[in-house]
Structures are given as structure tokens and as C-alpha cells.
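Chain naming here is simple, since letters A, B, ... match the order of the sequence lines and numbering starts at 1 in each.
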Amino acid sequence: MRRASQIRQRLAGLGLLGIPLLTYPVLGLPNGVLDGIPVTYLYLFGVWGGLIGLAAWIAERRGG
Amino acid sequence: MSKKILIVDDEPNIVISLEFLMKKEGFEIAVAGDGEEALAKVASFNPDLVLLDVMMPKKSGFEVCEALRADPERAGLLIIMLTAKGRDTEVAKGLAIGADAYVTKPFSTKELVVQVKSMLGVA
Amino acid sequence: MLSGASIAFLATAYLALLFAVARFGDARADAGRSIISANVYALSVAVYCTSWTFYGSVGRAASGGLSFLTIYIGPTLMLLFVGVFIKMIRIAKAQRITSIADFIASRYGKSQLLAGMVTVIAVIGVVPYIALQLKAVAASVDVLMAHSGNSAQIAGLDSTFLIAVVLALFSILFGTRHLDATERHEGMVAAVAFESVVKLIAFIAVGAFVTYGMFGGLTDLFQRADEAGFGRLFALDSGKAGTWTSLVLLSGLAIIFLPRQFQIIVVENVDESHLKRAVWLFPLYLLLINVFVLPLALGGLLSSGGTGINPDTFVLTLELSRGAEALAILAFIGGLSAATGMVIVETIALSTMVCNDLVMPILLRSTANFVEKRNDLSGLLIGIRRAAIALILMLGYAYFRVAGEAYALVGIGLISFAAVAQFAPAMFGGMYWKQGTRAGAVAGLSAGFLVWLYTLLLPSFARSGWIGNGFVEHGLFGIGWLKAQALFGLGGMDEISHCVWWSMLANIGAYVGVSLWSSRDAVEASQAERFVDVFRFAGGTTEARLWRGTASLDAVVELLERFLGVPRARQQLAIYAAARDVDDWRALKVDAAFVQFAEAELAGAIGSASARVMVASVTQEEDLGLDEVLGILDEATQVRAYSRELEAKQRELQEATAELREANERLRELDRMKDDFISTVTHELRTPLTSIRALSEMLHEDPKLELADRKRFLGIIVGEAERLTRLINQILDMAKLESGRAEWTTGEVDLGELARETMDSVGQLFREKGVALASEIRDDGLVVLADRDRLTQVLINLLSNAVKFVPGQSGRVMVRVGREGGAVRVEVADNGPGLTAEECSVIFEKFRQGGNTMTSKPQGTGLGLPISRQIIEYFGGKLWVESHPGEGANFIFTVPLPVPDE
């Protein structure tokens, strides 16, 4: 019970981190082109993928 | 024929005093300074009784006693344990592993001689 | 190749495959071996991705750039608040919730009014969404047929209508095959998970083909798009910040409140722990299906070159332009899959709501005779649901005809999102705020829905010219501040943000305001308790006390048989009886628990509001009254508070016990150590005493002893007496050092000088044994603050140890004194036998003597080194030994130099 609630809280914390990262004004920051691909595109998918990765790590990790 | 006694102790002065005491009573004496030597001497000297100190290097008196009691050929061998540690648990342990008597240091020479003689059946 | 017949054949074959998957899932469920795993659950949530995603996103990206992503970022973030979902699932299971309408109605006192309202809003709100699917599938058929030179008319009928009919038939076959009317459909979930995989594969295949087959990869695409002037599509425009945020919010709400999402996530959930997988696997799915959206849009724009191709069909037209027909067919199947999945789940969810929350209450009320005449009503329930499915699809088709042409796919979908967002205040309030009342929920929902209707739905009709657009252009009755998409003059926003802002303001304002000014009745109060405190609700006795009345077993059983069908009713009764150790359900006692059970069973079939009415009709329930209910609930709350306090106290007690046990353990350890020490000291004292006593007794008793023996014995006695004295002194010394009662006279000590003096004083000892003693004193003026006598004691101890262990004649001992860092280092090195690593550490323990000589036992006490170490450590230094067997020993100590005054 305690463990489950800790996972929930960590995931919620991740959500609270994700909201500012994926909305304005932070979203207005990335600019320019990297290796021919717009940084905005890389930023959105990068942060998004990062959140998913962290969520998977938090949710699926055993024992810790 | 005199009875044979093996004295085992790592304290040279105690060995000296015991050796003198027992020789004076007419016993044949051999000495050993540690547990391993004691086992070797038992084999070569073939004593009737062993005065065995407990706290010794290499093999403790308890280990020597156990080894001797494990040997069926030496069933008649008498063992008197000597110890400077007078705790009840050690007395009990010594008797449990097959010592015939247990004497606490420092001992009365008179009483020790009486005990040795009575055990060996020489009055 | 792509004739109408072959397309029809392919579509039919695919639908048949889905049907087979569902049959398999149901068969496994019936056999008790559910195939709903965490992965299947997570994939089934991807029913969220409809033809909107499959076709519409590309169209949206072609005009709005990266903003299409908001629809997928919102759900990703929302899912992270997994506690909300778990609570919802917990409540739904406890209350046998069948739909979102049921959820809201049940929370606010099992209100039939609310259930009906939510149903109406959901149906009206979702109809545009269904229209979107029809439009997308129709468009995809048109593209394929136009490509192969066929006309879009099939047998003189509108293809969209035909698609609606096919989907209706398929959904009816799919969702309402069962005659038992329960809330869960495992086969459907399995089929949806399957179609999710299909649409993902199809979309990625097209994306990869276009990006890497038609263009030179992402870099190439982006560069060419930039050159062609489409750069704004992948720039983020801060001016759209408001739209971005409202779309993230809307989609975050839609992921729970769309009827089909609620159905899949909450009602169809078989295991709470599956959410742990869905929380990341579903967002990962969303990410994968979106990676190629922008590249496809750019590719479409670059290839079409302004030929007027609808960007919503780029997913098909791009590969067709290259003649990749097989890929186009795969894409068509993917799109069909996306639309079908959505329509099936949505219509099943909505038809359940329409049946349970709209039609049943009316039937039960108005035509009581008709209902009473039927013995088994489960068939009637299925019939109503089937009709509802057909009706909903026809409404979708009607909306498509009326307003569909004027909007792009995404535009239509967002209208639905804004509608279901209206459920949020009543839902969240109901789950976390006990004071939220039925009146508040009704007011909030009505206000929000009316604003949505006025600012979004009606303008969508107006745009296609079906109704006048005066209220949009000039305001209702020409009043300027009533302009539908600029209420109170709030302009400059896109229509969705405008609607979200005003509808949420009205909705939340009315919900909270009315809740605060209205009161609850007894049923509401107890339901509020059950919802908000679902994790703590005591159930059991409290549950039983909340119902009081009388009922006959026969009446209740008959009710169950009529709605569930006889076999299922008997089966459930048997299970209930078995759980209470009653052999035959006919012997069951009709108490509060039994009525509760019956109501829950009925709720699973006809919704909580209707179930309550039906149960009330066959039982004589005493009205408990609000005060009494609140009293019972307060008591339950208090009991919970007490038990929590008790738990806390118990924990404290356990912790205290553990600490006590530990302290006791430490004490026991100390006691054992002390015991060992005393035993060792006793041994050390008794050993010399033994020789003294034995020899003096012999001297005493035998006056005729020879002179030589006499002398020898007296010598031994004197030596042993000295040993005993030394031992007692050192034990006392050690005790003083350890207890901190030793006396110290601290002064300036020159260690070089001290070393020389000490070596002189022990010189005799070395000369007697023929051991060489040398020194190497490197620095002068090595002055430390210490006790001179104590340091001398240490050095003497080390030197006498050394001389004891080195061999006579060939022995060498070396003393070195020098500065090292901020300390003086003194070494006493010998060429004796050396020490093993183990001996190096134990040698500083009390009564551990070095060397294991057999006959010449060292004449030490075993306390010299421990005492020396205590002394050195007292002055802040260290004493240790470095040695290897056969290489001599090097005893080293350091004493820190005084810190110079600044």
C-alpha cells in the first residue's frame, strides 16, 4: 500500500514537471536547426520521450 | 612398576613444579608444552594419567581431551584437566567431553597428589 | 485492382478478423482464462487514436504545424496522475458503475435526472465525433475509388450512408451479442487492442515510405519544406500559447471523459495494476504514431504543390501518387481499423447509457404495465441497446450531412472534446469534494452544456448554412456582446479556446456556487462518503446500517431474474449464498446486505439510478432521514479516526520495542566483553600464582630439599611474584587509561632526545643478548606537547618487545625519528620473525601476546601494546605495525606537532 502510493506520487511529480516543459512559455525557447532537423521538433519529441522513459522506469522498476 | 604420568602445560614454571612434585611421589614423568606435542607424547610414552592444561597454543586442552577420548585403545587413560579459568561452564564442558577430574589453578599440591594417587589406585 | 467490390471484400474480411479476435477473447473469458494482460489493456486504451489521428492529424499538421501534438501530450500528462484513475476504478468497481453517466448519477444520490442529462450531453457531444469517423472512411473510400476510376456512388447510394449502416450492423453484432447484460466485454477489449496494433503498423509503414522512399529522410524533408516556405509549420508560435494550453487541457480531460475512454480505462479494467503499464506504454504508442505526422504533412504539401488535394487524405494520396497500391490498401485498412475501433467502443458505451439512463427510467415510470407483463427483461435490454447503436450512427450521419463538409476532421473532433470536458467539474468534484451536491452538478452541467451548444455546436451548423449565422456575426437578437464566438466581446481567441474558457467558467462557477448554497439528502450524503473516501470506506456494518426496511425474498429474486435472466440471476444468488455459508439461496435472510447485493447486481445491468428505483419498488424501505445518515457516517468516520490513531500508537510501540531490544543487545554484548575480560585477567593472575603456590608448598613441606632445588625454586617464586606485580600494575594502568582517570603531566618533549635517553637506559638488555641497537634521528628540535614519562613507557615497551623477539647475536633493532607532515614519526624496526597480517591487527588487543613459542613463553603481560596505543592516541597520534612473516616487524607511532601560534 505504502509502496503503491509512492509510485503514484512519483508519477504525479513527473506530471507536474512535464506540464511546464510541454507548454508555453518554455516551449517558445527552442529555436534553429540541428543536423537539418528543426530543434522544436527534436525538443517536443525528446521531452515527451524522456517523460515516457522516466514513467516506465518508475512504474516498472522492482524492489527499489 | 611405577605408573606413568604425562604433564601438559605451556607455562614452564608450572611444568617444573608439577614434574618435581610427581617425581617425588615415585611416578615416571614426561612433559609436553602444547596440545600437538601432548598427543605425540601420549603415543610414544603411553602414560596412565595425563595432567592437562586447558589454555595452550596450537591445540587446547579440550581438543586434546576429545582426541584422546575418540581413540578406543586409550579407553583406560585417566585425564585430569587443569585450568586457570574457574568458570562453572568450563568445568562442565571439561567433564562433558570425558575428563575424569577437573582441578582449578592454583591448586593445593597435597590435594592434587591425593587425587592422582586415588585415581591410579596407589595408596 | 481497386474496384468497389475488392474494397468491400477487403473491408469485410478485416471486420471478420476483428470479430474472430473478439470471439476468441470472449471464449477465453468464459473459460476463466482472461487474455486481458497489462499490455492488452494499455493497447486497448489506444482506441483514443481514431481516424482523427490516422487521417486528421496530417491534415491538421499541414495547416497548423506542430499544434496537432497537443492532442497527445494532454493524455500523456493526465495519465501520470495515476492516482485519479485508480480512485475512479476503485469507485466504479465498488459501485458496479456501467458508464460515465452512471458514475455521476450514482455519486449525486443515484439521480435519474443527472443520469439522463449526462447521457444527453454525451450523445449530442459525441455525435460530431462519430460523423468524423464516417467522413474519414468515406473520404478514404473515395480516394481509392477515384484513383481506380470508379465513382463515389455505390448502387446509387451515398457511400457515407452505406458505411454508417455497415458500422452500425457490425457494432450491434459485436457489442450486444451477449444476452446477459453485464458491464464488461473482454472480447471487445481484445479486438480493440488488436486493431490498435494494425493502425500503428499501417501508419508507420506509410510514414517510413514517404520519408525514406519518396524523400531522402527527415533532414531532406525539413530542408525542402523550409525552402518551399513551409518553415512556419515546424516553428512554435508563442502567439498560439493560449490555444496550445487549452488543447492540452481538453485532450487531457478527453482521455477519461470520452464515453469510450471511460468504458475502456475504468469499466473494462480487470486489474488496477494494469494501469502501471498503461501509464507509459500508451503514451509511447502515441509518440510512435505521431513521429511521422509532420513529415507526412510536409511530404504531402511538397508533392501536391497546391493541386488542391485535401490534406486529410495525404496518408493515402502520397503513396498512390507513386503507384504503391499495396501500401495504400494497408493504409486504408489502418484507417478503417481506427474508425471501426472508435465506433464500436463509443456506440457500446453510449448505447449502455441510453438504455440504462434514458430509456429504462422512462419505461419503468410511464409504462409500468408493459414492463410488468414481461417476465424476462434481459432481451428487452439488448433490444434497446441495439436500437440505440443504430440511432447514434444515424445521428452521426445526419451531422455529417449537416455540418461535416465545412470542417476539417480535427475541427469536428475538437467540438466533441469540448462537450465531454463539461463532465470534469462534476466528476472531479464528486471524487474529492463531499460538499458537491446534486443541484450543483445539475446546474454546472447545464450551464457548461448550454455555453458549449451556443458557442460551438450551433455555430458549426451555421457555418454550413443550415441555420442563420446572425447570432455568430452580430450576436443573438443583434446584441453585440452575445456574439456566439466572442461572448462579452472576448475576441481574438480561436473558437475552441473561447468555448473552453466560457463553458468552464460557467460550469465550475455554477457547480461550486450552487453546491455551497444547496443541501444534500440522505442518499447523496452516503454516496458522497462512499466516493470520496473509497480507499477508507469501512463498508460492512456501516453499509448495512445505511439501509433499513423489509422485503420479501421472492420479490427481490423475481426482480433479479427479470433483468438478468433466470440463469445468470440464479448463478449470482448461488455465489452470494456460498460466500455466506448458506447452502441454498432460498434460505437466505433478506437483510440490508442482501438488498445491497441485489441493487448492485441490478446496477451492473441497468445502471445505479434505475436499480435503486426498481429495488425500492419491491421493498418497504424506511426513510432514514439526512440527520440519521450523517450520524451513522460521522460515527464511521470517528471509528476510522480511532483506528488510525490506534495504528499509529501501535507503530510507535513497535518502534520503541525495537529500540529497546537493540539497546538490550548492546548491553548484553558489553556484559559479555566484560565477562571475557575478567575471565582473562583471572587466568593471567592465576597462572603465576599456581607456580608460586605449588613451589612454596613443596619448600614448606620438605625441609630436606636439596640446596640447588631450593635456590632454583625460590628464584622462580621471586620471578613469578614480580610478574604478578607487573601484571597488577598494568591492569590498573589500563583501567585508569580506559576510564579517563589517568594523570597526565603535559610538557614540551623533544622526541629525538627522548629516544636517545631511552636507548641508553635499555642498552644493557640489548648488550646481554648481543643484539645491535642503532638509531637514525633525522631532525633536531622535534618538540611535541606530551607526557614525557608516558612516551618513555611506550618506547621502552616497543624496544623490549623487539629485543624479546629478535634472535640473539644476529639480532638488529633500528630506531628512526623524523618529521612527517605535521607530526613526528618514530619507528622501531627489528629483524625478528615478523607477523602475519592477522597478527598485525590482533596484537593490539588485550592479553594477545605475540609469538607462539612452545617452551619459552614470552614474559609479557599482553597489556604493553594496548596501553601504548592508548597513550599515543591520547596525544592525538597513531600506533601501528607494518610487518610480513620472515621480514621483521616495524612498529611505528606518530605524535602531532603543536600548531604554531599565529
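Residue contact with chain C, scored on non-hydrogen atoms closer than 4.5 Å, involves the side chain of B:Ile16 exclusively. Both the backbone and the side chain of B:Lys110 come within contact range of chain C, judged by heavy atoms closer than 4.5 Å. For C:Ile717, no part sits under 4.5 Å from any heavy atom of chain B, backbone or side chain.
Within the structure, side chain to side chain donor-acceptor pair (under 3.5 Å) contacts touching residues 658-673 of chain C (residues at least two apart or in different chains) are C:Glu669-C:Arg672, C:Arg672-C:Asp676.
Ionic pairing of C:Asp830 and C:Lys804 is not present here: no N-O contact between side-chain nitrogen and carboxylate oxygen is shorter than 4.0 angstrom. Between B:Asp9 and B:Lys105, at least one side-chain nitrogen of the basic residue sits less than 4.0 Å from a carboxylate oxygen of the acidic one, meeting the salt-bridge criterion. Ion pairing of C:Asp702 with C:Arg710 is absent here, as no side-chain N (NZ or NE/NH1/NH2) approaches a carboxylate O to less than 4.0 Å.
With chain B as partner, the option from C:Leu695, C:Thr687, C:Leu685 having the largest number of non-hydrogen pairs under 4.5 angstrom is C:Thr687.
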